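Everything on this sheet refers to the single structure shown next.
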Amino acid sequence: MRPQNSSGRIRVLTFLHSFEPGGVERVALRLVRHWRAAGVDAPLFVGRQTGPMREEFADIAFDVPRQPRRSQAGWETLWMILTLPAAIRRLRPDILFVAGSTYTIVAVMMRLLLGRRCPPIVVKISNDLARRDLPVIPRFFWRAWLRIQARCARFWVVMDESMLPELPGVMARRSRVVHDPAIELDRIVTAPRVADGGPRRFVAIGRMVAQKHFALLLRAFAKAVRPGETLTILGDGAERTALEALAGELGIAGQVQFAGHVPDAAARLAEFDALLMSSRYEGIPAAIIEALAAGLAVVTTDCGRGVHGLLGEGRFGVIVPQDEAALAAAIRAPTPMADRAEVRAFLERFTIDRSAQLYLNVFAEAAIEQRVVPQTAEWATPLAR
């Protein structure tokens with residue numbers, strides 16, 4: 001049985017690679033800030049103290065390991081696996097919170113390295129699990145990896161009920177629903193409706209990485225764009241130079257603005273008319289939640305069950321196949337606007353006040369279960385033996 005910390009409160013340890021921009025990281029930092037304000041013992045461990053979001057979250061204290069001589073940015077997952085066990089032994093958390101799917105390999109390794117000394121793990125599933133974008137053979141190995149992951153956590157948190165059917169057996173039995181705390185409704189400025197027939201201002205948000213498939217978006221936009229229409233991409237990443245070159249090749253460089261990282265993208269949404277998303281896979285994209293709250297029309301590729309639930313199976317936005325022609329046709333067509341009152345009522349579930357408390361309920365359940373039944377038959381696996 002794991003002793004409680006001296007304050008008598010449950011200690012929840014969150015870990016992140018860095019302060020580099022990302023939806024998972026932003027939400028995790030907001031949760032840590034909110035929990036601490038509510039009196040929760042919520043330490044934060046960060047692999048390296050660099051990244052554009054550090055200034056935005058300068059009020060949050062954190063632990064960081066002694067840094068290597070050379071930057072670990074290119075091997076940050078291995079660095080986390082090497083340094084997190086010592087932090088767990090020192091901080092002795094009652095719960096280890098895994099803030100997103102990209103961190104599950106770290107959770108698996110903590111179970112392997114720490115065994116029964118590993119605190120109960122709660123994982124937030126932040127991406128689509130079906131991964132229909134993968135070819136047959138890679139998808140086979142992906143499903144095998146999911147079966148390994150499934151046995152590393154006490155609970156698996158999904159960000160919307162629509163994601164539940166995709167969970168494999170153990171994950172489904174150990175799942176809880178906590179809607180992603182992506183927005184503060186009172187802070188979001190509502191965009192004015194675009195005049196019928198007028199040139200539209202499109203926006204896309206995200207890191208410039210393969211998952212977001214911005215090359216598909218640029219090719220579709222080039223086919224669909226009308227005179228006076230613009231596309232602004234809020235985000236940065238390794239693919240930016242190649243994407244800027246592609247915009248030039250497609251002849252749309254004058255209508256596409258690469259704005260780079262923006263500390264508070266939601267605050268700029270009122271400048272636009274429609275959000276475009278071209279991802280290969282997603283969980284519950286915060287960008288869509290923020291766009292709906294700001295009154296934007298939404299056009300997205302079919303990148304997971306989460307976007308179907310988020311867009312009310314098409315009531316709140318347009319979902320198209322991951323196909324250049326289909327995306328271009330949706331961009332060219334008039335973008336339908338959802339009823340704002342209905343959307344706002346729907347979005348109430350994605351607020352920090354509501355979700356932060358639901359997470360604490362899940363953590364308390366996991367901690368109590370650990371003390372009462374340290375290893376249940378289903379949760380105990382060869383990883384911990």
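Here the structure is a predicted model, which means the values were calculated and not measured. Positions are given from 1, in the same order as the sequence printed here.
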Could you tell me whether the side chain of Val157 reaches within less than 4.5 Å of the side chain of Phe97, counting heavy atoms only?
-> no

Between Ser279 and Thr301, the two heavy atoms sitting closest are O-OG1, 2.8 Å

Any donor-acceptor pair under 3.5 Å from Thr230 side chain to Arg201 backbone | no

Taking Arg200 for its side chain and Ile331 for its backbone only, find out whether a donor-acceptor pair lies under 3.5 Å.
-> yes

In sequence, state the C-alpha distance, the side-chain angles, and the governing distance for Trp145 and Val108, and then conclude on side chain to side chain contact (heavy atoms under 4.5 Å, CB included).
-> CA-CA 10 Å; Trp145 170 232; Val108 170; 3.9 Å; yes

Give, for atom CG of Leu84 and atom CZ of Arg89, the distance between the pair rounded to the nearest 0.5 Å.
-> 10.0 Å

Side-chain hydrophobic cluster, 4.5 Å single linkage: members besides Phe141 | Ile137, Phe140

Could you please spell out the steps behind the side chain to side chain contact (heavy atoms under 4.5 Å, CB included) verdict for Lys212 and Val209?
-> CA-CA 6 Å; Lys212 304 301 182 181; Val209 294; 4.1 Å; yes

Short side-chain donor-acceptor distance under 3.5 Å, Tyr281 and Gln322 = no

Would you indicate whether the side-chain heavy atoms of Gln149 and Met171 approach each other to under 4.5 Å?
-> yes

One should read off an interatomic distance between Leu82 CG and Thr77 OG1, to the nearest 0.5 angstrom, of 11.0 Å

Side chain to side chain contact (heavy atoms under 4.5 Å, CB included) between Phe316 and Val298, intermediate numbers included = CA-CA 7 Å; Phe316 303 150; Val298 175; over 6 Å; no

Side chain to side chain donor-acceptor pair (under 3.5 Å) evaluation trace for Asp160 with Ser162 | CA-CA 5 Å; Asp160 188 72; Ser162 60; 2.7 Å; yes

Arg48 versus Thr50, closest heavy-atom pair with distance = NH1-OG1, 2.9 Å

For residues Phe62 and Phe19, establish whether the separation of their ring centroids is below 6.0 Å.
-> yes

To the nearest 0.5 angstrom, please state how far the CH2 atom of Trp35 sits from the CD1 atom of Ile10.
-> 11.5 Å

At what distance, to the nearest 0.5 angstrom, does CG of Leu16 lie from OH of Tyr103?
-> 4.5 Å

Kindly determine whether Glu20 and Arg207 satisfy salt bridge (charged side-chain N to carboxylate O under 4.0 Å, His left out), including the steps that lead there.
-> CA-CA 10 Å; Glu20 293 296 329; Arg207 292 171 295 115; over 6 Å; no

Of all heavy-atom pairs between Glu348 and Arg354, which one has the smallest distance, and what is that distance?
-> O-CD, 4.0 Å

What distance do Leu78 atom CG and Thr83 atom OG1 have between them, rounded to the nearest 0.5 Å?
-> 9.0 Å

Would you indicate whether the side-chain heavy atoms of Val12 and Val122 approach each other to under 4.5 Å?
-> no

Salt-bridged, Arg174 to Glu369, with N to O below 4.0 Å?
-> yes

Work out which heavy atom in Val170 is nearest to a heavy atom in Ala150; give both atom names and the distance.
-> CG1-O, 3.5 Å

Does Val203 offer a backbone N or O that forms a donor-acceptor pair with the side chain of Thr232 under 3.5 Å?
-> no

Would Glu365 and Asn361 count as having a side-chain donor-acceptor pair, cut-off 3.5 Å?
-> no

Should the pair Asp94-Arg11 be classified as a salt bridge under the 4.0 Å nitrogen-to-oxygen rule?
-> no

Leu269 to Ala294 - nearest heavy-atom pair and separation | CB-CB, 3.8 Å

Between Arg132 and Asp302, is the closest basic N to carboxylate O distance under 4.0 Å?
-> no

Scanning both residues in full, the closest heavy-atom pair of Thr351 with Pro181 reads O-CB, 3.9 Å

So which of Glu313, Glu282, Glu161, Glu166 actually passes salt bridge (Lys or Arg N to Asp or Glu O under 4.0 Å) with Arg305?
-> Glu313

Interatomic spacing from CZ in Arg226 to CD in Gln255 - rounded to 0.5 Å | 12.0 Å

